[in-house]
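The structure appears below as structure tokens.
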There are 2 protein chains.
Amino acid sequence: MRLTTKGRYAVTAMLDLALHAQVKPVSLADISKRQKISLSYLEQLFSKLKQQALVLSIRGPGGGYKLNKHPQEVSVAHIIDAVNESVDSTSCGGVGNCQEGEMCLTHHLWTDLSAQIHTFLDDITLEHLLKRRDIKAVANRQTEHHLLDDVAPLTLTSNLSNSLTRTLTNKKG
Amino acid sequence: MRLTTKGRYAVTAMLDLALHAQVKPVSLADISKRQKISLSYLEQLFSKLKQQALVLSIRGPGGGYKLNKHPQEVSVAHIIDAVNESVDSTSCGGVGNCQEGEMCLTHHLWTDLSAQIHTFLDDITLEHLLKRRDIKAVANRQTEHHLLDDVAPLTLTSNLSNSLTRTLTNKKG
DNA sequence: TAATACTTGACTAAAATGCTTGGTTATTAA
DNA sequence: TTAATAACCAAGCATTTTAGTCAAGTATTA
Ligand code: FES
Ligand code: FES
């Protein structure tokens, strides 16, 4: 089974892209800042995402990436498949020959599990994630972070007066 | 997410143990031969399985391992948990702090997935696996293999005259 | 033309994995 | 009593994967 930081990063980055889907494309540098993912690493991931036609790229100043499909058309499984090589949990890759060319005792168990996981992740689209309350909360926090870091810390805090901001300020000092 | 050969080996070995659960204990050397798993590696795995009270050991000649619970009481999840450290697919370990001490965008997605996988694997017991036709077939093949390798190749083949044997002989030469 | 931002490929430190080696200890059958 | 058996234990090791860096591009636009 292959589900590591790579796949998580890809989903996180795609979700970030969906969250900030404006007219203008989103640069990897922005995603890198917000999601704290290494820029060069993101480049590798987006190279694959582009190969799978999940995103499209615009070069030059003001350029960046945009979603190539509607959020409801992009499933989490699709994203992970694009960067990993699938969420297969067999060791034979589905062929059924991991024990000296023959099928091992537990082959079917792992294919069943793989199918289960794939179904689960394939049912969840970016659209679904966008609507989730917990994700909205985190996204808001990140926006504030971003603004606080880069623009005008003092004037902004007065606007954003919810408990979340306060918790955050306490935590970060 | 951590589901690799280690966990698969553990489940396979436990299933082998269940399949050959007689009065006598089963030695790791036997499991090693049948399932083609390195003996020393099996020792490491069974050390952990014993710690979790899934098996018990009998030392000395004629010794080996036995199941410490009924097959219907041992779930696949339990076995994997014993050798891996759980099937968690978050990177924060469930704490929710993988992004510089704060929760990342996709935290809940991964906790949901982890729960899904755990539920699935926790519902499957050794008892269930023992009953499956595909597993029985592989187990039969392995028994034949074992006998063919060790005892009397020529006299035995006449008894075991099913298509499976033939397919197998063709494959192996 | 300079800055921006994607593109590509090679390379690497660190970690995990799967396994080996080389013992020791307990038990039992001869 | 002795030799064989088989569990137990610790250290180390080769390979692979991961997560990331670095460097040298190219296309676009302000
Ligand atoms: S996992 Fe497919 S044959 Fe073993
Ligand atoms: S996976 Fe839990 S906070 Fe990121």
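Computed from a predicted structure; not experimentally measured. So that the names make sense, note that chain A is the first sequence line, chain B the second, and so on, each numbered from 1. These values consider heavy atoms only, across backbone and side chains, with no hydrogens, waters or symmetry-generated copies.
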Between CG of A:L3 and P of D:dA19 the distance, given in whole Å, is 10 Å
A:K50 has its side chain closest, among C:dC19, D:dA19, C:dT7, to C:dT7
note: A:L28, atom CG; C:dT8, atom P; distance rounded to Å ~ 13 Å
Taking 4.0 Å as the cut-off, does a side-chain nitrogen or oxygen of B:T5 come that near to OP1 or OP2 on C:dG18?
yes
Separation of C:dT7 atom P from A:L45 atom CG, nearest Å, is 13 Å
Flag the pair A:D30 and A:K24 as a salt bridge only when some basic side-chain nitrogen lies within less than 4.0 angstrom of an acidic carboxylate oxygen.
-> no
From the list B:H118, B:K48, B:Q52, side chain to side chain donor-acceptor pair (under 3.5 Å) with B:D81 holds only for B:H118
- Message: Does C:dC6 have OP1 or OP2 under 4.0 Å away from a side-chain N or O of A:S47?
- Response: no
In numerical order, the residues of residues 55-68 of chain B whose heavy atoms come under 4.0 Å of DNA chain C are B:R59, B:G60, B:P61
OP1 or OP2 of C:dC19 versus the side-chain N and O atoms of B:Y9: is any pair under 4.0 Å?
yes
Test salt bridge (Lys or Arg N to Asp or Glu O under 4.0 Å) on A:D112 and B:R132; report intermediate values, then the result. CA-CA 13 Å; A:D112 286 0; B:R132 287 179 62 147; 3.2 Å; yes
Rounded to whole Å, the CG-C1' distance (B:L49 to D:dC9) equals 16 Å
A:F46 CZ to C:dT8 P, in whole Å, measures 15 Å
### Query
Going by heavy atoms in the side chains, are A:V74 and A:T125 under 4.5 Å from each other?
no
Between A:N68 and A:A53 the two heavy atoms that sit nearest each other are ND2-O, 2.9 Å
Would one find a side-chain N or O of A:T4 under 4.0 angstrom from OP1 or OP2 of D:dT17?
-> no
Among D:dA6, D:dT18, C:dC19, the one nearest any side-chain atom of B:S27 is D:dA6
Contacts of A:Q51 and B:Y41 projected onto DNA chain C by closest heavy atom; the upstream (5') one is A:Q51
In whole angstroms, the gap separating C1' of C:dT8 from NZ of A:K48 amounts to 13 Å
Base of D:dT21 paired with side chain of A:Q44 (donor-acceptor, under 3.5 Å) | yes
### Message
Between A:S89 and A:S114, does the side-chain hydrogen bond (donor to acceptor under 3.5 Å, both in side chains) criterion hold? Intermediate values first, please.
### Response
CA-CA 6 Å; A:S89 42; A:S114 302; 2.6 Å; yes
| query | For D:dG20, does either OP1 or OP2 sit under 4.0 Å from a side-chain N or O belonging to A:K6? | reply | no
B:Q44 side chain near B:Y41 side chain, heavy-atom distance below 4.5 Å = yes
Atom CG of B:L42 and atom P of D:dA6 are separated, to the nearest Å, by 14 Å
Verify side-chain hydrogen bond (donor to acceptor under 3.5 Å, both in side chains) between A:T106 and A:W110, making sure each step is shown before the conclusion.
CA-CA 7 Å; A:T106 45; A:W110 309 124; 3.0 Å; yes
Taken to the nearest whole Å, CZ/B:R8 to P/C:dT17 is 12 Å
Assess whether one donor atom and one acceptor atom, taken from the side chain of B:E43 and the base of D:dC8, lie less than 3.5 Å apart.
-> yes
